[in-house]
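Ligands are counted one by one from 1 in listed order, and the atoms in each one are counted from 1 as well.
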Amino acid sequence: MDLRGKRVVITGASSGIGLALAKRLIKAGARVVGVGRSADALRQKFGGRIHTIVCDVSDPAQIDTMIAEAESVLGGIDIFISNAGFAYYGPIGAPDWQKDSYIFATNVTAPIYILQKLTYQRFAPLVFMVTISGLGKMLLPGFSIYCSTKFALDGFIRGYRLEKPRNVKVIPVYPVATFTEFFHRAGGSDTPMPFPWHPVSYVAWCMEMGLRLGLPSVYPSPIYIIRCILVRVLPVDLLVQALELLRFNAWRRRHDQ
Ligand SMILES: NC(=O)c1ccc[n+]([C@@H]2O[C@H](COP(=O)([O-])OP(=O)(O)OC[C@H]3O[C@@H](n4cnc5c(N)ncnc54)[C@H](OP(=O)(O)O)[C@@H]3O)[C@@H](O)[C@H]2O)c1
C-alpha cells in the first residue's frame, strides 16, 4: 500500500510506539491525526505539525467525539491504528473494580468499540491495525491483569477475522518488550523488562512495513515467532516464567518494604 495521502488516525500517539509510528507515517506522506490524553504532551511531541485530538479512550463519549473530529478534519479514515494501552505490574492486590474496569476499557473495549464505530453500516475500505502484545499469547508473573486484557483482545481479533466484511482488513501487532515508557508506567522505574528487547524505532518500522505490505499480522521479534512455533510441542514458556517469577518476587520484596 502506498501510504502517501492516506488518512490515518493513531491512538496513543503521545508516546512510545504510537509516537514513533506517527512520525514514520508523516514522513511517508500520510495525513496523520494523533490522539492522546494530554494536549500538552501532544503539542510538545508534534509541535502543531499535525492535527491532534485529546481523548481518553476508556470513555465512549470521548471516542465518539474523537472519531467525528478526525473524520471531519481528514474527510474520512483509511487507516485506524488502535494502539493506546497500558499495563499494571505487580501482585493482584486488593479488589478494585474501577482500576480493573479502566484497564479493560482502555485495552479491550475501546479497540472493539472503535472498530464497530468505523465499520457498522459503512462500506468504505478500512485498515484497522491494533497493537496487541506478545503477552496476548503468553503469560508472565506480575502481568496477569494486563495479559488477560491482551488475551481478550487477541481472541476478539481472531474471532472477528472469521466473520469480518471484505472491505475491512485487520492487522494485529504483537510486540515484545520495547523501550518506551510502558514498563516504567506499569510498575515504576525498577520494573523488570522481559527478554528479548527491541528499540521503539524498530517496532514502528515493522508496523509501517505491515501496512505497506498488507501483512496479515506483525510479529516484530523473530525470537517470539520461534517461541510461538515451539510452544505447540514443547513447554518452552516454563523457563522464561520461572526466571520472571524470580524477578517478580525480587521486585515485590523491594516494593513491600
Ligand atoms: N512497550 C512494550 O514493551 C509493549 C509490548 C507489547 C505491547 N505494547 C503495547 O503497545 C501499545 C503502546 O504502548 P507503548 O509501549 O508505546 O507505551 P507508552 O509509551 O506508555 O505509550 C502508551 C500510549 O497509550 C496512551 N494511553 C494509555 N491509556 C490511554 C487511554 N485511556 N486513553 C488514551 N490514550 C491512552 C498513552 O497516552 P498518555 O501519554 O496520555 O498516557 C500513550 O500515548 C500499548 O497498547 C501496549 O500495551 C507495548
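- Counting only distance, with no hydrogens or angles, the side chain of Arg122 and the backbone of Lys117 share a donor-acceptor pair below 3.5 Å.
- Distances from ligand 1 to the non-hydrogen atoms of Asn107 include no value under 4.0 Å.
- Put simply, no part of Val200 is less than 4.0 Å from ligand 1, judged by heavy atoms.
- Within the structure, ligand 1 lacks Phe179 among the residues with a heavy atom less than 4.0 angstrom away.
- The pair Asp154-Lys150 does not meet the salt-bridge criterion, since no charged nitrogen lies less than 4.0 angstrom from a carboxylate oxygen.
- Looking at His198, Glu181, Arg185, Met193 and measuring to atom 42 (C) of ligand 1, the nearest heavy atom belongs to Arg185.
- For the pairing with Tyr146, the ring pair (Phe, Tyr, Trp, His ring centres under 6.0 Å) check across Phe182, Tyr88, Phe183 returns one residue only, Phe182.
- Residue Thr106 touches ligand 1 through its side chain alone, judged by heavy-atom distances below 4.0 Å.
- Scanning Ser14, Ala13, Ala87, Ala204 for the heavy atom closest to atom 43 (O) of ligand 1 points to Ser14.
- Across the listed options Ala110, Ala186, Cys55, Cys55 owns the non-hydrogen atom lying nearest to atom 33 (C) of ligand 1.
- Asn167 contributes a side-chain N or O that, together with a main-chain N or O of Ala124, makes up a donor-acceptor pair within less than 3.5 Å.
- In this structure, Asp256 does not pair ionically with Arg253, as no charged nitrogen and carboxylate oxygen lie closer than 4.0 Å.
- A donor-acceptor pair under 3.5 Å is absent between the side-chain atoms of Tyr174 and the main chain of Ile132, judged by distance alone.
- Heavy-atom proximity to Gly16, at under 4.0 Å, picks out these atoms of ligand 1: 16 (O), 19 (O).
- Taking any N or O of Ser133, backbone or side chain, none lies under 3.5 Å from an N or O belonging to ligand 1.
- At a heavy-atom cutoff of 4.0 Å, ligand 1 is contacted by the side chain of Tyr146 but not by its backbone.
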Q: Could you please spell out the steps behind the side chain to side chain contact (heavy atoms under 4.5 Å, CB included) verdict for Leu140 and Met138?
A: CA-CA 7 Å; Leu140 288 185; Met138 176 180 177; 4.0 Å; yes
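- Thr11 places a side-chain N or O within donor-acceptor distance of the main-chain N or O of Asn83, the cut-off being under 3.5 Å.
- Heavy-atom proximity to atom 32 (N) of ligand 1, evaluated over Thr11, Val57, Val130, is greatest for Val57.
- Considering both main-chain and side-chain atoms, Phe183 never comes within under 3.5 Å of ligand 1 through any nitrogen or oxygen pair.
- Proximity of Ala177 to ligand 1 is established by a heavy-atom distance of less than 4.0 Å.
- Checked against side chain to side chain contact (heavy atoms under 4.5 Å, CB included), Phe151 has the following partners two or more places apart in sequence or in another chain: Leu139, Cys147.
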